[in-house]
Amino acid sequence: MKTVVIGLSGGVDSAVCAALLQKSGYRVVGVNLDAGFSPNAAKDAQAVADSQGFELIIVNTAARMQELVIDPFYAAYSCGQTPNPCISCNPTVKFPSLFDIADKYDGLVATGHYAVIEKVGLYKGVKGRDQSYMMYRLRREWLARLMFPLGRMQKTEVRRLAAEMGIPVANKPDSMDICFPVAQQPLTWDIYHENGKYLGKGEGVYTIGQRRGLGIASDGRIYVTKIDAAKGEITLGNIENVQNTTLNIQNVHWLIDTPTKPLECHCKIRHTGTETPALVHIEGDTAQIEFKAPVFAGAPGQSAVFYQTNQVLGGGIIV
RNA sequence: UGGGCUGUAGCCAAGUCGGUAAGGCACCAGACUUUGACUCUGGCAUUCCGCAGGUUCGAGUCCUGCCAGCCCAA
């Protein structure tokens, strides 16, 4: 009987995922990654495991999270960047932890993410819930051993199954936010308008393209157009000045063979954004993206992810 | 000091021949979302239009005085 190691968050998705795989004949081992931020998560995961009758291993990931995700997260913000912790957590903490355990069983790995793996490629999950953007940095060699059984399901279907299979967390609300508590950053900024006018002081973190929370009134909507961490200056301007037609990226990562010529694809530069046709000029682990239409607010630290129809090709981090 | 202008919510700002306070921004709430914060929906002047009087059935809108700020002249 093949073993599959399942990341069990304590939520509905991973619970249904585990139950489905068990039903289809796998030996299921649940793994709850506990970084200490969600006191009930491990308890809920245990309840799920108990109700379905499989083993649960709880792994303390606090130290790895701190070192590989949280510290870099704050460091990036104080450099004026907009980090995406989920994108870095997946390949550095979450999936390595699961594969470590799977190796011991010579098994597979599964999670409740809404993405699809087919023919050793990564594809988008069901429309409206797709989480593939967060997964483009997975190691390519993992894909052959990885399953996302819920990738094509609707959430309502998942919840229905959960209720049907007697899963204790069937009605638990979705988690949406970052999984660790974010401390207020002791950063202060001088805020200027593009025309040079001084507008006031600001505190905390800012993102290119941000509009709300600026506390500054003007005749129209204004957005953060520039962040200069060295000088501690933020610049605001009109929406036309937050559009990009080209972006440079670094730490490029591929889930396909590295293209040898410029890549025609669709590119998404934020999780909730839309895809824009683009041409990617690749140079080693950096690349320049040439968009066919302007994109809104490319923020350093966020990822640009490349798609062809439903397949995730790779991506990189905006410079 | 003489002449002129302005004073409407946190900011900007409409407000006509007097008729019972537009809009934008900010802010707040919600939707969306595996950090980004884009977008959308809703809320947001009832001791009220610098203050005090007056005219009028009725004044932000007319009249008088005062206060504050700005500009020009000195």
Side-chain angles (χ1 to χ4, degrees), chain A residues 7-14 17 33 35 37-38 41 65 69-70 72-77 80-95 111-115 124-138 148 150-151 155 158 172-185 191 193 197-200 202 204-225 227 234 236-244 268-276 294-303 305 317-318:
Chain A
L8 213 63
S9 66
V12 201
D13 291 335
S14 55
C17 179
L33 303 177
F37 300 121
S38 180
M65 270 298 279
V69 178
I70 301 175
F73 172 82
Y74 289 125
Y77 264 126
Q81 303 203 319
T82 304
N84 192 318
C86 295
I87 283 177
S88 61
C89 172
N90 283 332
T92 62
V93 178
K94 185 178 285 176
F95 285 93
T111 69
H113 286 102
Y114 289 87
K124 287 188 224 169
V126 65
K127 204 167 191 296
R129 296 219 125 242
D130 171 40
Q131 294 170 326
S132 63
Y133 176 85
M134 302 297 185
M135 309 282 229
Y136 83 96
R137 295 196 80 82
L138 294 187
F148 298 135
L150 308 187
K155 187 73 188 204
V158 172
K172 188 173 170 180
D174 292 356
S175 67
M176 295 185 281
D177 275 333
I178 193 164
C179 73
F180 56 88
V182 178
Q184 174 77 22
Q185 291 304 96
I191 303 178
H193 192 271
K197 192 176 170 198
Y198 178 72
L199 298 174
V205 300
Y206 292 88
T207 298
I208 298 285
Q210 175 175 344
R211 187 190 127 224
R212 310 194 87 132
L214 299 173
I216 288 167
S218 72
D219 50 354
R221 297 181 170 183
I222 48 174
Y223 301 81
V224 173
T225 58
I227 299 174
I234 303 277
L236 308 181
N238 296 326
I239 190 163
E240 306 87 68
N241 299 314
V242 218
Q243 308 287 346
N244 303 93
K268 198 156 106 163
I269 62 163
R270 42 188 10 128
H271 172 51
T272 53
T274 54
E275 292 168 35
T276 304
V295 293
F296 175 76
Q302 290 283 290
S303 284
V305 178
I317 296 172
I318 297 168

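Below, chain A is the first sequence line, B the second, and so on; all start at residue 1. Since we're looking at a predicted model, the values are computed, not measured.
Atoms CD (A/Gln210) and C1' (B/C25) sit 16 Å apart, rounded to a whole Å. In this structure, CG of A/Asp130 is placed 12 Å from P of B/U33, rounded to the nearest angstrom. Distance, A/Leu199 CG to B/A26 P: 13 Å, rounded to whole Å. Between the CD1 atom of A/Ile178 and the C1' atom of B/U33 there is a distance of 13 Å, rounded to whole Å. A/Leu236 places its CG atom 11 Å from the P atom of B/A26, with the value rounded to the nearest Å. Atoms NZ (A/Lys155) and C1' (B/U33) sit 13 Å apart, rounded to a whole Å. Taking atom CD1 of residue A/Ile222 and atom C1' of nucleotide B/G24, one finds them 12 Å apart after rounding to whole Å. Going from atom NE2 of A/His193 over to atom P of B/C25 covers 14 Å, rounded to whole Å.
Spacing between B/U61 and B/G18 at atom P, rounded to whole Å, works out to 11 Å. Between B/C66 and B/C40, the distance separating the two C1' atoms is 49 Å to the nearest Å. A gap of 13 Å separates the P atoms of B/U64 and B/G4, to the nearest Å. Annotation: B/G19 and B/G58 have their P atoms spaced 15 Å apart (nearest Å). Rounded to a whole angstrom, the distance from the C1' atom of B/U6 to that of B/C51 is 16 Å. Straight-line distance between the C1' atoms of B/A45 and B/A26: roughly 16 Å, to the nearest whole Å. Distance check on atom C1': B/U8 versus B/A68 gives 16 Å, rounded to whole Å. A distance of about 15 Å separates the C1' atoms of B/G7 and B/G15, rounded to the whole Å.
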Polar atom pairs (N or O), protein with nucleotides 7-12 of chain B, under 3.5 Å:
none

Polar atoms only, N or O, under 3.5 Å: list the protein pairs with nucleotides 27-29 of chain B and their distances.
| residue | atom | partner | partner atom | Å |
| --- | --- | --- | --- | --- |
| B/C27 | OP1 | A/Gly213 | N | 3.0 |
| B/C27 | OP1 | A/Leu214 | N | 3.3 |
| B/C27 | OP1 | A/Gly215 | N | 3.1 |

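Annotation for A/Val242 and A/Asn244: closest pair O-OD1, 3.8 Å, computed over non-hydrogen atoms. What you find for A/Pro181 and A/Phe37 is that their closest heavy atoms are CD-CD2, 3.3 Å.
A/Leu236 CG to A/Lys197 NZ: the interatomic distance, rounded to the nearest 0.5 Å, is 11.5 Å. For the atom pair A/Arg221 CZ and A/Arg211 CZ, the distance stands at 4.0 Å (nearest 0.5 Å). From A/Gln81, atom CD reaches atom OG1 of A/Thr207 across 11.0 Å, with rounding to the nearest 0.5 Å. Once rounded to the nearest 0.5 Å, the distance linking CG of A/Leu199 with CD1 of A/Ile234 reads 11.5 Å. Here the CG-CZ distance, from A/Asp13 to A/Phe148, works out to 12.5 Å after rounding to the nearest 0.5 Å.
At a threshold of 4.0 angstrom between heavy atoms, the contacts of A/Tyr206 with the nucleic acid are absent. Heavy atoms of A/Gln131 sit under 4.0 angstrom from at least one base atom. Counting non-hydrogen atoms under 4.0 angstrom, A/Phe73 reaches a base of the nucleic acid.
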Practice task
Could you walk me through whether A/Thr82 and A/Tyr77 pass side chain to side chain contact (heavy atoms under 4.5 Å, CB included), step by step?
Solution key: CA-CA 6 Å; A/Thr82 304; A/Tyr77 264 126; 4.1 Å; yes
Handout entry: Working for side chain to side chain contact (heavy atoms under 4.5 Å, CB included), residues A/Leu214 and A/Tyr206
Key = CA-CA 9 Å; A/Leu214 299 173; A/Tyr206 292 88; 3.7 Å; yes
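Take the nearest nucleotide of RNA chain B for A/Val205 and for A/His271: the residue whose nucleotide is more 5' is A/His271. Along RNA chain B, the nucleotide closest to A/Thr207 and the one closest to A/Tyr114 are compared, and the more 5′ of them pairs with A/Tyr114.
Residue A/Arg270 places none of its side-chain N or O atoms closer than 4.0 Å to OP1 or OP2 of B/U35. Close to B/U39, at under 4.0 Å from its OP1 or OP2, lies a side-chain N or O of A/Tyr223.
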Kindly list each side-chain donor-acceptor pair under 3.5 angstrom involving residues 85-93 of chain A, sequence neighbours excluded, with atom names and distances?
| residue | atom | partner | partner atom | Å |
| --- | --- | --- | --- | --- |
| A/Ser88 | OG | A/Pro85 | O | 3.1 |
| A/Asn90 | ND2 | A/Cys86 | O | 3.3 |
| A/Asn90 | ND2 | A/Met134 | O | 2.8 |
| A/Thr92 | OG1 | A/Ser88 | O | 2.6 |

Exercise for the section: Dot-bracket notation for RNA chain B is requested: 5' to 3', Watson-Crick or G-U wobble pairs only, both distances under 3.5 Å, with ( ), [ ], | and . as defined. Expected result: ((((((((.[[[..)...(...]]].(((((.......)))))......[[[[[..)....]]]]]))))))).
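For A/Tyr133 against B/U33, no side-chain N or O and base N or O form a donor-acceptor pair under 3.5 Å.
Side chain of A/Met134, nearest nucleotide from B/U35, B/C38, B/A37: B/U35.
Between A/Tyr136 and A/Tyr133, the ring planes lie tilted relative to each other; the angle falls in the 30° to 60° range.
A/Ser132 meets the side-chain hydrogen bond (donor to acceptor under 3.5 Å, both in side chains) test with A/Asp130, A/Tyr307; sequence neighbours excluded. For A/Asn241, the side-chain hydrogen bond (donor to acceptor under 3.5 Å, both in side chains) partners at least two apart in sequence or on another chain are A/Glu194.
One N or O on the side chain of A/Gln210 and one on the backbone of A/Arg212 form a donor-acceptor pair closer than 3.5 Å.
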